[in-house]
**Student:** 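What follows is a single structure, and I will ask about it in a moment.
Atoms considered below: every heavy atom in the structure, side chains included; atoms not considered: hydrogens, waters and symmetry mates. The first residue in the sequence is number 1, and the count goes up from there.
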Amino acid sequence: MAYASLDELKGRIDWDLDPDEERIAAGALDDASDLAATYGRDWPEDKAPRLVKTLVLKSAARYLRNPNGYVQSRAGDETLQWSDIGRDAGTVYFTREEVRLLEELGGRKRGVVGVAVSAWGTKPQACDAGGYVPVDQGDPFPLFGDAVSPW
């Protein structure tokens with residue numbers, strides 16, 4: 001499954017691919033599409049948002065241009081430097097901003113989430129006896145759930 005075609009990727013790079021590079025490019029498209037489905041959601045190929053295709057092509061083209069993730073290279077005395085992308089160096093990857101876009105497209109929101117927690121074998125206490133903090137949208141947020149003491 002790939003959200004973009006090899007011909008679309010060829011349109012984003014400025015050289016002609018030889019057969020070996022075409023094989024690598026097809027793999028990069030598959031890897032980028034798998035990552036997009038992981039960060040976003042598993043969209044059907046023909047129904048993926050256009051931005052997903054754009055991000056997949058961008059990631060695959062970035063990999064083809066710089067497969068090892070170098071940010072500096074010198075020939076004399078041989079100096080190489082990798083960027084700070086860590087384990088993603090030498091692989092197809094999305095930047096932090098691209099991951100955030102994929103999460104938004106997939107309906108995954110980051111932020112603070114309230115989760116009821118209780119000890120094993122007990123039931124969570126009702127939190128309607130405590131105080132609430134008003135919020136701009138939605139129901140008030142429970143600040144504490146103990147009717148006897150808020151602390």
**Student:** Between Arg62 (side chain) and Val92 (backbone), is there a donor-acceptor pair under 3.5 Å?
**Tutor:**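 Checked: no pair found.
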**Student:** Please enumerate all residues that pass side-chain contact (heavy atoms from CB on, under 4.5 Å) together with Ile13, with sequence neighbours excluded.
**Tutor:**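 With neighbours one apart ignored, the set is Trp15, Leu17, Ala61, Leu64, Arg65.
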**Student:** Roughly how far apart are Glu22 CD and Lys10 NZ, rounded to 0.5 Å?
**Tutor:** 3.5 Å
**Student:** Show me, pair by pair, the donor-acceptor contacts under 3.5 angstrom made by side chains of residues 29-36, not counting sequence neighbours?
**Tutor:**
residue: Ser33; atom: OG; partner: Tyr3; partner atom: N; Å: 2.8
residue: Ser33; atom: OG; partner: Leu29; partner atom: O; Å: 2.8

**Student:** Could you tell me which non-hydrogen atom of Leu57 sits nearest to which non-hydrogen atom of Ser5, and how far apart they are?
**Tutor:**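 Looking at all heavy atoms of both residues, the closest pair is CD2-O, 4.3 Å.
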**Student:** Distance check, rounded to the nearest 0.5 Å: Thr38 atom OG1 versus Glu103 atom CD?
**Tutor:**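 Reported to 0.5 Å precision, the distance equals 11.5 Å.
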**Student:** Looking only at heavy atoms, what is the nearest atom pair of Phe94 and Leu55, with distance?
**Tutor:**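 That closest heavy-atom pairing would be CE2-O, 3.3 Å.
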**Student:** Tell me every residue that passes side-chain contact (heavy atoms from CB on, under 4.5 Å) with Glu45, counting only those two or more places apart in sequence or in another chain.
**Tutor:**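 Listed in chain order: Met1.
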**Student:** Begin with the C-alpha distance, continue with both residues' side-chain angles, and end with the deciding distance and a verdict on side-chain contact (heavy atoms from CB on, under 4.5 Å) for Tyr63 and Ile24.
**Tutor:** CA-CA 10 Å; Tyr63 176 72; Ile24 294 169; 3.8 Å; yes
**Student:** Lys53 and Ala4: which non-hydrogen atoms are nearest, and at how many Å?
**Tutor:**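 Looking at all heavy atoms of both residues, the shortest contact is CG-CB, 3.9 Å.
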**Student:** Hey, is CG on Asp46 packed in by over 12 heavy atoms from elsewhere, all under 6.0 Å?
**Tutor:** yes
**Student:** Please say whether more than 12 non-hydrogen atoms of neighbouring residues, nucleotides or ligands are located less than 6.0 Å from CG in Asp7.
**Tutor:**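 Check passes, neighbour count above 12.
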**Student:** Would one find more than 12 heavy atoms of other residues, nucleotides or ligands at under 6.0 Å from atom CG of Asp20?
**Tutor:** yes
**Student:** So, Ser59 side chain and Val56 main chain: donor-acceptor pair closer than 3.5 Å or not?
**Tutor:** no
**Student:** Indicate yes or no for a side-chain donor-acceptor contact from Glu21 to the backbone of Asp18 under 3.5 Å, with no hydrogens or angles considered.
**Tutor:** yes
**Student:** State plainly whether the residues Glu97 and Arg100 are in salt-bridge range, i.e. N to O under 4.0 Å.
**Tutor:**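 Judged by the 4.0 Å cut-off on N to carboxylate O distance, Glu97 and Arg100 do form a salt bridge.
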**Student:** I'd like to know if Arg12 and Glu8 make a salt bridge, using a cut-off of under 4.0 Å between side-chain N and carboxylate O.
**Tutor:**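 So Arg12 does not pair with Glu8 through a salt bridge.
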**Student:** Between Glu98 (side chain) and Thr95 (backbone), is there a donor-acceptor pair under 3.5 Å?
**Tutor:** yes
